[in-house]
Amino acid sequence: MELKIGIIGTGGFANMHARMLAGMDGVRIGAVCGSSVEKAERMAGQFSGAAAFGDVDRMLDSAKLDAVYICVPPFAHGHTELALAERGIPFLVEKPLSTDLDTPSAVLHAVSSKGLITSVGYHFRYMDGTRRTLDLLQERTVGMALGYWMGGMPGVYWWRKADGSGGQFVEQTTHIVDLLRFTLGEVEEVYALFGQRHKHLTEEGVSVPDVGTVSLRMKSGAVANIANTCMLPMGHTTGLHIYTDAGVLELNSSGLKEAVSGRTTDYQNRSNPYEAENKAFIHAVRTGDATGILSTYEDAWKSQQVATAANLSARTGQPVRL
């Protein structure tokens with residue numbers, strides 16, 4: 001059975017997913033929706049037979065789609081997911097789910113009531129190093145974890161605005177929040193300190209903090225801290241370091257480094273986590289078997305809850321219990 005997939009968004013991630021999907025057997029890009037018809041036409045032209053739209057509802061009503069990929073900025077979520085849920089169309093949505101928690105909560109209710117197949121783009125879960133980490137942690141006691149997302153500020157206009165991106169902790173560092181939950185379990189308390197140190201003085205329209213540190217208490221009793229900055233002139237450190245009774249596990253996009261009693265072992269990521277993520281979702285759409293999807297909308301809502309709780313804590317100066 002050939003699956004006809006719609007793509008909402010015309011940016012880098014939309015194009016990456018579309019190219020991967022077009023290379024799969026029995027899958028074709030049937031429609032592209034952009035913020036303008038012109039943008040959609042430019043992207044749709046890469047895929048034979050793909051129709052172009054500038055309106056989500058028109059696309060969903062005109063093109064008979066088996067599934068849809070949503071690759072839009074944080075502020076643009078909500079209507080699309082609810083429209084897909086109403087029509088019973090499975091979707092994969094790129095993180096984060098929104099700038100806030102209210103929008104994802106409404107979407108979660110809608111997709112849960114329909115029993116809809118969903119996937120969220122937390123691709124770090126699909127890394128070889130992450131699987132190895134989960135295996136190693138089965139026989140270890142975790143004391144604490146330190147997470148990092150240290151780099152510069154993306155150039156797109158909406159990222160620097162709090163109501164556009166939700167800030168760095170919601171838009172980027174959510175990957176580390178999700179990796180923490182996936183490896184160490186659920187979070188029960190969050191306390192955050194954010195600051196504006198540099199970017200608001202050198203760039204126009206910056207309303208997001210450019211430094212932040214967040215302490216988290218896990219339900220297991222372990223503790224964690226996740227720090228981020230977007231004031232650097234370059235990318236620097238991204239990853240999660242887990243400290244256990246047997247040594248240290250350093251997990252990042254390259255793989256896993258295990259340090260035990262003076263011995264270090266590297267486990268390189270060999271497979272492409274985006275390909276694994278897409279294969280799991282397409283398999284679920286085709287067969288109804290969603291066991292390969294590692295991040296459903298329901299699960300991703302919990303990562304969004306932690307990230308938005310950090311924003312709330314930073315605003316109020318108080319810890320937030322989940």
Notebook entry, point to check: Should we say atom CD of Glu139 is surrounded by more than 12 heavy atoms from elsewhere, each under 6.0 Å from it?
Noted result: no
Check: CH2/Trp158 to CZ/Phe75 distance, rounded to the nearest 0.5 angstrom?
Finding: 7.5 Å
Check: Linking I/L/V/M/F/W/Y whenever any side-chain heavy atoms sit under 4.5 Å apart, do Leu193 and Val208 land together?
Finding: no
Check: For the atom pair OH (Tyr191) and OG1 (Thr213), what is the distance rounded to the nearest 0.5 Å?
Finding: 10.0 Å
Note to self: Quick check on side-chain contact (heavy atoms from CB on, under 4.5 Å): which of Ile70, Leu97, Leu92 does Val120 satisfy it with?
What the structure shows: Leu97
Item checked: Close side-chain approach of His17 and Glu94, heavy atoms under 4.5 Å -> yes
Item checked: Cluster check Phe47, Met59: I/L/V/M/F/W/Y, side chain < 4.5 angstrom -> no
Checklist line | Beyond-backbone contact of Asp299 with Asp178, side-chain heavy atoms, under 4.5 angstrom | finding: yes
Note to self: Does this structure show an ion pair linking Arg140 with Glu258, if we count only N-O contacts that are shorter than 4.0 Å?
What the structure shows: yes
Note to self: Atom CD of residue position Glu2 - does it have more than 12 heavy atoms of other residues, nucleotides or ligands inside 6.0 Å?
What the structure shows: yes
Note to self: Would a single hydrophobic cluster contain both Trp301 and Val93, if residues Ile, Leu, Val, Met, Phe, Trp and Tyr are joined by side-chain heavy-atom contacts under 4.5 Å?
What the structure shows: yes
Next item on the list: For the pair Asp210 (side chain) and Lys199 (backbone), establish whether a donor and an acceptor sit closer than 3.5 Å, ignoring hydrogens and angles.
Entry: yes
Next item on the list: Measure across Gly212 and Phe194 and return the closest heavy-atom pair with its distance rounded to 0.1 Å.
Entry: CA-CD2, 3.5 Å
Check: Distance-only, no hydrogens or angles: does the Asp100 side chain make a donor-acceptor pair with backbone N or O of Thr308 under 3.5 Å?
Finding: no
Next item on the list: To the nearest 0.5 Å, tell me how far Met150 CE sits from Gln168 CD.
Entry: 8.5 Å
Check: Is any side-chain heavy atom of Phe53 less than 4.5 Å from a side-chain heavy atom of Val32?
Finding: no
Margin query: Within the structure provided, determine whether Met43 and Ile7 are in side-chain contact (heavy-atom separation under 4.5 Å).
Written below: yes
Next item on the list: Return yes if some donor-acceptor pair links the side-chain N/O of Thr118 with the main-chain N/O of Thr296 below 3.5 Å, else return no.
Entry: no
Margin query: Do Asp289 and Thr287 pair up side chain to side chain, a donor and an acceptor below 3.5 Å, judged on atom types alone?
Written below: no
Note to self: Does the plane of the ring in Phe124 sit parallel, tilted or perpendicular to the ring in Trp149? Use 30° and 60° as the thresholds.
What the structure shows: parallel
Item checked: Rounded distance (nearest 0.5 Å) linking atom CG of Leu116 with atom CD1 of Ile89 -> 9.0 Å
Check: Are Asp61 and Arg87 ion-paired here, with the side-chain N under 4.0 Å from a carboxylate O?
Finding: yes
Checklist line | Leu251 and Arg132, any side-chain heavy atoms less than 4.5 Å apart | finding: no
Check: Would you say Ser112's side chain and Leu108's backbone share a donor-acceptor pair under 3.5 angstrom?
Finding: yes
Check: Between Leu294 and Arg125, what is the shortest heavy-atom contact and its length?
Finding: O-NH1, 2.6 Å
Check: At their closest point, which heavy atom of Ser119 faces which heavy atom of Phe281, and how far apart are they?
Finding: CB-CD1, 3.8 Å
Checklist line | Lys4 backbone acceptor or donor facing Arg28 side chain under 3.5 Å | finding: no
Check: If you round to the nearest 0.5 Å, how far is CD of Glu204 from OH of Tyr157?
Finding: 15.5 Å
Item checked: pair Phe182-Thr130: side-chain heavy atoms closer than 4.5 Å -> yes
Next item on the list: Grab the two heavy atoms, one from Val142 and one from Ala222, that are nearest each other, plus how far apart they are.
Entry: O-CB, 3.9 Å
Item checked: Inter-residue atom distance Leu84.CG - Leu65.CG, 0.5 Å rounding -> 8.5 Å
Margin query: How about NZ on Lys279, more than 12 heavy atoms from neighbouring residues, nucleotides or ligands closer than 6.0 Å, or not?
Written below: no
Next item on the list: Check whether any side-chain heavy atom of Val206 sits under 4.5 Å from a side-chain heavy atom of Lys161, and report yes or no.
Entry: no
Notebook entry, point to check: Leu249 versus Leu137: any side-chain heavy-atom pair under 4.5 Å?
Noted result: yes
Notebook entry, point to check: For Asn225, does its backbone N or O pair with a side-chain atom of Ser215 as donor and acceptor, under 3.5 Å?
Noted result: no
